[in-house]
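These notes concern the structure reproduced below.
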Amino acid sequence: MGRVTLRLGGGLLTWLVVLLALLPVLWTILSSFKSLRDIVSPIPVLVFQPTLENYRTVLATPAVRDGLVNSIIVVGSALLIGIVLGVPAAYALARFVRRLKGDIQFFVLSLRFMPPVAVALPFIALWLDLGLYDTLIAVIVTYCIVTISTIIWLGVPAFEQVPRAIEEAAALEGYGPFAVFWKVALPVAAPSLVGAVLFTFVITWNELLIALALTSRNVTLPVVAAGFTTLGMEVPWGVINASSVVLALPPLILVGLIMRFIDRYFSRPAR
């Protein structure tokens, strides 16, 4: 009886934690369909007449379309560069570095958790001197600090989990170092690396301060979404919530598609 009670209590506590975690998200989605009068009501309005006016305002803004295109170009390019450079670097660090491995990992981690202002300020002066300020190239290169460091940081444990025995067996079969990496280590570590890439994509897609500091016209979608707070004399909470939902949709769609691919690819029976 005690075990049953303990399990029920643990289950209820788990669902309570999940509900508390999802409550802000659900409230944002609901508020995106509310009128401003319902949102600012002193008493929370749970039964209301839904409206799409907030989404019409967001989607009818040309800056949203431009920001979406800029975000796709900037984040996609920075993520691709991060994968091309970060994944081999993570493998080399996991397999061939011994003495300075901890120091290098700490340095990479410090780059990841460096305050965005500390990253943006030196690059502002650099891009101004090079005449590249407020260009997509400048934002892409700056974002690469985030993508490369994050993929290396998360990629090293992924490659450390690959058994050395299969790499040694491949080497005995005549595989060179690159073939061992490409044909053996990379496929085995792929599920963990996909998670690292998705995490990197999400944090780069939502990056605001760096893009805000480096752009004034070629802005990304988070900067556009933040700009809705300055509309009119009163804060347009409905538009802000709708822009938050629009901003969150691309990462959610990408994560869903990749997870479906992973489930289909890695759940296929071996032939």
Side-chain angles (χ1 to χ4, degrees), residues 18-34 50-84 86-87 112 136 139-140 142-144 146-148 150-151 153-155 158 189-212 215 218-229 236-268:
V18 172
L19 180 61
L20 291 176
L22 292 178
L23 184 60
V25 178
L26 296 176
W27 194 259
T28 298
I29 296 174
L30 284 176
S31 298
S32 68
F33 292 99
K34 290 182 179 181
T51 177
L52 295 177
E53 188 61 32
N54 298 321
Y55 287 97
R56 293 193 189 99
T57 302
V58 172
L59 298 178
T61 304
V64 172
R65 297 189 292 269
D66 296 339
L68 178 60
V69 173
N70 291 339
S71 289
I72 292 174
I73 295 173
V74 169
V75 177
S77 301
L79 187 63
L80 180 61
I81 295 173
I83 294 172
V84 171
V87 172
R112 169 62 194 92
L136 296 183
V139 184
I140 290 172
T142 308
Y143 274 16
C144 285
V146 178
T147 58
I148 295 175
T150 305
I151 289 177
W153 172 45
L154 297 175
S192 298
L193 292 175
V194 169
V197 170
L198 288 177
F199 177 76
T200 305
F201 172 80
V202 171
I203 63 174
T204 309
W205 179 269
N206 294 324
E207 176 58 49
L208 171 63
L209 294 180
I210 293 178
L212 186 62
T215 59
N218 296 308
V219 296
T220 57
L221 193 57
V223 179
V224 177
F228 282 114
T229 59
W237 292 113
V239 176
I240 294 174
N241 287 310
S243 64
S244 300
V245 174
V246 172
L247 178 63
L249 282 179
L252 291 177
I253 294 173
L254 179 64
V255 169
L257 293 176
I258 292 181
M259 293 307 297
R260 287 188 62 184
F261 169 77
I262 292 176
D263 290 339
R264 290 184 179 181
Y265 182 82
F266 290 99
S267 63
R268 290 185 303 179

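We use all heavy atoms of the structure for the numbers below, so side chains are in, but hydrogens, waters and symmetry mates are not.
Here the straight-line distance linking atom CZ of Arg56 with atom OG1 of Thr61 works out to 13.5 Å at 0.5 Å rounding. In this structure, the separation between CG on Leu26 and CG on Leu19 is 7.5 Å, given to the nearest 0.5 Å. Atom-to-atom distance recorded for Ser32:OG and Leu30:CG is 7.5 Å, nearest 0.5 angstrom. A distance of 10.5 Å separates CG in Leu52 from OG1 in Thr57, rounded to the nearest 0.5 Å. The distance from the CD1 atom of Ile151 to the CG atom of Leu79 is 5.5 Å, given to the nearest 0.5 Å. With rounding to the nearest 0.5 angstrom, the CG atom of Leu221 is 11.0 Å from the CG atom of Leu208.
With hydrogens and angles ignored, the 3.5 Å screen pairs no side-chain donor or acceptor of Thr200 with any backbone N or O of Thr150. Without hydrogens or angle criteria, Ser243 side chain to Ile240 main chain gives a donor-acceptor distance under 3.5 Å. Of the possible donor and acceptor atoms, one in the side chain of Asn54 sits under 3.5 Å from a partner among the backbone N and O of Lys34. Under a 3.5 Å cut-off, the side chain of Ser31 and the backbone N or O of Thr28 do not form any donor-acceptor pair. Distance alone, capped at 3.5 Å, is enough to place a donor-acceptor pair between the Asn70 side chain and the Val219 backbone. A donor-acceptor pair is defined here as one N or O able to donate and one able to accept, closer than 3.5 Å; no such pair exists between the side chain of Ser77 and the backbone of Val74.
Counting heavy atoms from C-beta on, the side chains of Ser71 and Pro250 never come closer than 4.5 Å. Proximity of Val197 to Ile83: side-chain heavy atoms (C-beta onward) are separated by under 4.5 Å at one or more points. A 4.5 Å side-chain heavy-atom check between Val246 and Leu68 finds every atom pair outside the cut-off. Between Leu198 and Val202, the closest side-chain pair of non-hydrogen atoms is not below 4.5 Å. Using a 4.5 Å heavy-atom cutoff, the side chains of Val139 and Ile210 are not in contact.
The minimum heavy-atom distance between Thr147 and Ala78, with the atom names listed, is OG1-O, 3.0 Å. Nearest heavy-atom pair, Leu154 versus Ala196, reported as atom, atom and distance to 0.1 Å: CB-CB, 3.5 Å.
In this structure, Phe33 and Tyr55 have tilted ring planes: the angle between them lies in the 30° to 60° band.
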**OP:** In sequence, state the C-alpha distance, the side-chain angles, and the governing distance for Ile81 and Ile140, and then conclude on side-chain contact (heavy atoms from CB on, under 4.5 Å).
**Re:** CA-CA 9 Å; Ile81 295 173; Ile140 290 172; 4.2 Å; yes

**OP:** Kindly determine whether Thr220 and Thr215 satisfy side-chain contact (heavy atoms from CB on, under 4.5 Å), including the steps that lead there.
**Re:** CA-CA 8 Å; Thr220 57; Thr215 59; 5.9 Å; no

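Shown here is Trp205, whose CH2 atom has more than 12 heavy atoms of other residues, nucleotides or ligands within 6.0 Å.
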